[in-house]
Protein chains: 2
Amino acid sequence: MNTDDEPRVTITAIAREAGVSVPTVSRVLNGRSDVAPGTRERVEELLRSHGYRRRGSRTVRRAELVDLVFNDLDSPWAVEIIRGVEDVGHAAGVGTVVSAIHSESTSTRKWLQNLRSRASDGVIVVTSHLAPPVHAQLRRLNVPVVVVDPATGVPGTDVPAIGATNWAGGLAATEHLLELGHRRIGFVAGPTHLLCSRARLDGYRAALEAAGVPLDDRLVQPGDFYHASGFTAGSTLLDLDDPPTAIFAASDQMAFGVYEAVRRRGLRVADDVSVVGFDDLPEARWASPPLTTVRQPLVEMGRLAARTVLRLAQGEETESPRVELATELVVRDSSARPAGR
Amino acid sequence: MNTDDEPRVTITAIAREAGVSVPTVSRVLNGRSDVAPGTRERVEELLRSHGYRRRGSRTVRRAELVDLVFNDLDSPWAVEIIRGVEDVGHAAGVGTVVSAIHSESTSTRKWLQNLRSRASDGVIVVTSHLAPPVHAQLRRLNVPVVVVDPATGVPGTDVPAIGATNWAGGLAATEHLLELGHRRIGFVAGPTHLLCSRARLDGYRAALEAAGVPLDDRLVQPGDFYHASGFTAGSTLLDLDDPPTAIFAASDQMAFGVYEAVRRRGLRVADDVSVVGFDDLPEARWASPPLTTVRQPLVEMGRLAARTVLRLAQGEETESPRVELATELVVRDSSARPAGR
DNA sequence: TTGTATGCGTTATCAC
DNA sequence: GTGATAACGCATACAA
């Protein structure tokens, strides 16, 4: 008489167990209004514990909203990603909700609450490291998550991640400077806890080693991707007894900070010190001089992330594709042969 | 027996006339699910034609989403506004939906459709000139609209608008250059169809007139706010027989284009040609040299716009405040006394 | 009371 | 038929 191990978990069964009607369970599944918070929770819990899966390719409610979450909206970086996501979302008739959680738990809680009340169809997290409980929450709500530019190795489980070939980019930039004839090449690093920072640094090191150039720890200065740190690090490098003839900054913004450090010393970018950045933000092309940099396909990364969440929202089970889109060295006017050669 | 002119329009009456139950009308009013599209339209039409007003200060559904609409997301400009709106929205537990409609009617239609299906609580339009029928639609849907940086004089009716004191900013920048001793001052204009462009140009002219400096049409060059046009206009100005000793660009991005034009001629910004911009984007502080510019409180404009829509969404009838927030001249290193004085 | 909002079941319907 | 969704009304809760 025990029928606990029936193979099919149907909403009829859930409804009976929860003591509600079938349509009510259906409403919970589709995140619609007209369900009491308590009932909704009870049903969600049962759905989860019974491991309910949708039958066939039934009409999954058309996606209406995807969330795009940044830590901060303080960089031109962010707009590029937004453009990519908005572009795909717009075409699919889906709204893009942009948020900044500032790495605060209260802020995150507020966002999560809002996300829930408006029934978001998917979340794209940029660089941020959402706390595991937040991931768990989203899982419970059946909201798919995609990470752009993963901050850490494994966000927890099988979350799809979209990044760029940071190591290859660091390598290419450094090789470019080596080919120009530079031997003392400074490096301005990004935050060390970020995966992309470490990959860029390793690419820099790998290029130097391959060229047989000895590593000098003083040539590697810390930074945080923002302008000010580039200025500070650049100043430190230029004030060394044996200053570098070229500086590779792990972000365009830091490269512009280096520009300012160079200028303040009465030196000229390219003529006296070569500078290479990373990102290829729009202003790189319009800086004076135009910045040689490693192009990161930010818009394309946003597009791919959007396509991926929307696909997941449709119920298509993507097998967590950890994609890395190619970076590309863009040579402009800020890099030249070292002076006096 | 004729009771047509009963003073109170109640949803019971609407329900009877539409041939549906009272709860159904209530659902339409609150933008909830479980109403057939046809029914919803019929009821909306009746509500509108009978001029239905909510009784008392009944629980207006808490706002969940506001829309922020740009023409294009291709400028650092946009992030600043987004930051302001997101900040206020986030604090109020409201999501910010960012869209770019690219001035296309099909794109706008798609956005409007999505906006409707997810029941947006308010719209903030940036610079864009939404077509009158779109405004009419939003009115029908009872969605409040606020305009930031109004593109044109009157968006149609009594829509609240939040701008900046563009004329005063243009005046201040020009006066600053005059005080430094410049007499030939070039101007790189923005798109002439935009209100803010014309105000900045008029401010420039007013300052010159007040100082008794004759206007020279050749010193005013057209632009479109983007880098490239600044470069072109700057080049034209510097190639004049009697080139200006200072150039005031109506946007920071164009000012950077001017930087490049100056550099390409082997000249130096500030030492040879003073340059002043408009906006005070984050990169203005970090340009080489740091740019003297007119600060526009973009984040604050976004914040105010968000507060205003949310207030309107709550039913508080703001009497269309056409606010202009103050601009402020920020003197940095790109402006100096003319050479040889 | 009267007006309005919410939660949930009933009935019809649709896809397989 | 069976699983699931869509549209609407009933009963109720609650505010003025």
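Letters go in sequence order (proteins before strands), and every chain restarts at 1.
In this structure, Leu46(A) and Ala18(A) approach most closely via the heavy-atom pair CD1-CB, 3.5 Å. Taking both residues in full, the closest heavy atoms of Ser99(A) and Asp67(A) are given as OG-OD2, 4.2 Å, listed atom of the first, atom of the second, then distance.
Between dT4(C) and Thr10(B), a contact under 4.0 Å exists linking OP1 or OP2 to a side-chain N or O. In this structure, Tyr52(B) does not reach the dG3(C) phosphate: none of its side-chain N or O atoms is under 4.0 Å from OP1 or OP2. Residue Thr24(B) places at least one side-chain N or O closer than 4.0 Å to OP1 or OP2 of dG9(D). In this structure, Thr39(B) reaches the dC8(D) phosphate: one of its side-chain N or O atoms is under 4.0 Å from OP1 or OP2.
Distance from the side chain of Pro23(A) is smallest for dA6(D) among the nucleotides dT6(C), dA4(D), dA6(D). In the set dC8(D), dT5(D), dA5(C), dA5(C) carries the atom at the smallest distance from any side-chain atom of Leu29(B). With dG9(D), dT10(C), dA5(C) as the choices, the nucleotide that has an atom nearest any side-chain atom of Val20(B) turns out to be dG9(D). Closest to the side chain of Pro37(B), from the set dT5(D), dA7(D), dC8(C), is dA7(D).
No donor-acceptor contact under 3.5 Å links the side chain of Arg40(A) to the base of dG7(C). Side-chain atoms of Arg27(A) and base atoms of dG9(C) include a donor and an acceptor less than 3.5 Å apart.
Here dT2(C) presents its P atom at 19 Å from CD1 of Ile14(B), a figure rounded to the nearest Å. When rounded to the nearest whole Å, the span between CG of Asp34(B) and C1' of dC8(C) equals 10 Å. Remark: C1' of dC8(C) and CD1 of Ile11(A) are 14 Å apart, rounded to the nearest angstrom.
In the model, Asp72(B) has a side-chain atom that pairs as donor or acceptor with a side-chain atom of His102(B) under 3.5 Å. Residues Ser105(A) and Thr108(A) have side chains that never bring a donor and an acceptor to within less than 3.5 angstrom of each other.
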